[in-house]
Amino acid sequence: MARHLYKTSTPSTRNGAVDSQVKSNSRNNLIYGQHRCGKGRNARGIITAGHRGGGHKRLYRKIDFRRNEKDIYGRIVTIEYDPNRNAYICLIHYGDGEKRYILHPRGAIIGETIVSGTEVPIKMGNALPLSAVARAAGAVAKLIAKEGKSATLKLPSGEVRLISQNCSATVGQVGERRELNPRIKKAGYKRWIGKRPVVRGIVMNPVDHPHGGGEGRSPIGRKKPTTPWGYPTLGIKSRKKNKYSDNLIIRRRRK
């Protein structure tokens with residue numbers, strides 16, 4: 001995908017670039033307004049997720065994750081920016097007149113055709129059941145084996161687990177978005193995405209953090225560091241014990 005480089009006029013535009021084919025101001029029936037409770041508070045008004053608030057207003061794009069337009073070919077019309085996720089999305093025009101958004105498959109260009117079904121070719125962007133997919137090296141989630149009614153998948157984290165062969169999967173990898181680790185050029189960039197300033201717990205008051213309080217540069221006063229709610233942190237496993245899907249995991253994720 002072609003890249004357009006910004007001409008540096010301010011520090012915030014230095015080394016900036018944008019994909020020339022990507023649109024960002026489209027309006028159609030698949031875009032809705034959404035109410036954002038962006039201050040990290042629960043129903044009682046207590047802050048349960050800190051350092052959140054403000055940010056630019058976002059519109060929600062309805063994404064077709066089910067891909068239930070079976071055996072109907074669709075054409076990629078546009079590649080668009082979605083502020084609610086770190087990947088681009090595609091607008092698909094199907095042969096029966098239906099219009100839907102899907103996640104942009106990496107390498108897909110405007111004008112290509114895709115299809116979903118049980119007996120469709122294994123091609124990038126097509127969706128078909130796991131029972132009809134062969135082993136695919138290089139994909140993000142790799143299909144390792146098929147046995148009985150279950151298929152064995154290896155996830156990006158290294159976890160190997162079972163999943164039903166009736167589940168559908170899209171061939172390929174979620175598409176090109178080069179801003180996964182963006183260069184923060186000014187403090188305003190963080191405020192645009194709804195993140196407020198972060199400070200260390202040791203400089204807070206005791207009412208705000210277990211590390212807080214004391215005179216001057218005092219230590220945290222505990223054997224191990226904790227979260228703002230007093231639970232151990234920095235390396236402690238947080239996955240729930242006896243979770244319903246534990247019996248489907250063959251090998252745990254990498255630490």
Side-chain angles (χ1 to χ4, degrees), residues 1 3-65 77-92 99-106 140 156-157 173-205 207-212 225-231 233-234 238:
M1 192 177 295
R3 301 279 286 174
H4 172 72
L5 300 177
Y6 287 123
K7 182 178 180 181
T8 303
S9 57
T10 61
S12 60
T13 57
R14 184 173 288 114
N15 298 327
V18 65
D19 293 320
S20 59
Q21 290 187 342
V22 175
K23 295 184 177 181
S24 59
N25 294 320
S26 61
R27 294 289 184 273
N28 55 46
N29 294 331
L30 299 173
I31 298 179
Y32 306 93
Q34 62 175 342
H35 175 72
R36 295 176 61 199
C37 184
K39 296 184 179 181
R41 299 178 185 271
N42 63 8
R44 294 190 297 153
I46 297 174
I47 295 177
T48 56
H51 318 298
R52 297 185 182 183
H56 199 286
K57 183 180 288 187
R58 300 177 181 180
L59 296 176
Y60 181 74
R61 280 80 169 166
K62 186 177 180 181
I63 309 297
D64 179 20
F65 291 110
V77 178
T78 61
I79 300 174
E80 300 182 14
Y81 172 81
D82 188 352
N84 303 296
R85 63 193 75 250
N86 59 7
Y88 291 137
I89 59 176
C90 295
L91 179 62
I92 308 297
K99 298 180 182 179
R100 296 188 182 181
Y101 278 123
I102 67 168
L103 297 181
H104 174 232
R106 187 172 187 177
V140 173
S157 63
Q173 188 174 0
V174 178
E176 304 175 16
R177 176 75 178 272
R178 295 180 175 86
E179 288 118 17
L180 294 179
N181 295 304
R183 182 178 177 182
I184 308 300
K185 305 178 182 68
K186 62 180 183 179
Y189 180 89
K190 284 286 188 180
R191 304 309 298 267
W192 292 342
I193 59 179
K195 294 184 178 180
R196 299 185 68 246
V198 178
V199 297
R200 296 166 296 144
I202 199 171
V203 300
M204 297 182 185
N205 294 321
V207 71
D208 299 317
H209 202 285
H211 295 175
T226 63
T227 66
W229 303 274
Y231 297 107
T233 186
L234 297 181
S238 58

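These values consider heavy atoms only, across backbone and side chains, with no hydrogens, waters or symmetry-generated copies.
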Item to complete: For atom NZ of Lys195, decide whether the heavy atoms of other residues, nucleotides or ligands shown that lie under 6.0 angstrom number more than 12.
Response: no

Specify the closest pair of heavy atoms between [X] and [Y], including all atoms of both residues, with the distance to one decimal.
X: Arg41; Y: Ile47; answer: NH1-CG1, 3.5 Å
X: Pro197; Y: Arg191; answer: CD-NH1, 3.9 Å
X: Ile31; Y: Leu59; answer: CG2-CB, 3.7 Å
X: Arg61; Y: Pro83; answer: NH1-CD, 3.2 Å
X: His104; Y: Cys90; answer: CD2-SG, 3.2 Å
X: Lys7; Y: Thr13; answer: O-OG1, 3.8 Å

Evaluate the side-chain proximity of [Y] to [X]: yes if any heavy-atom separation is below 4.5 Å, no if none is.
X: Ile89; Y: Ile102; value: no
X: Leu103; Y: Arg85; value: yes
X: Leu91; Y: Leu30; value: yes
X: His211; Y: Pro225; value: yes
X: Met204; Y: Val199; value: yes
X: Asn84; Y: Ile63; value: no

Residues two or more places apart in sequence or in another chain: which of them pass side-chain hydrogen bond (donor to acceptor under 3.5 Å, both in side chains) with [X]?
X: Thr78; value: Glu80
X: Thr227; value: none
X: Asn28; value: Tyr101

To the nearest 0.5 Å, what is the distance between [atom1] on [X] and [atom2] on [Y]?
X: Asn29; Y: Lys62; atom1: CG; atom2: NZ; value: 10.5 Å
X: Ile79; Y: Tyr88; atom1: CD1; atom2: OH; value: 9.0 Å
X: Lys186; Y: Arg14; atom1: NZ; atom2: CZ; value: 12.5 Å
X: Thr48; Y: Asn42; atom1: OG1; atom2: CG; value: 5.0 Å

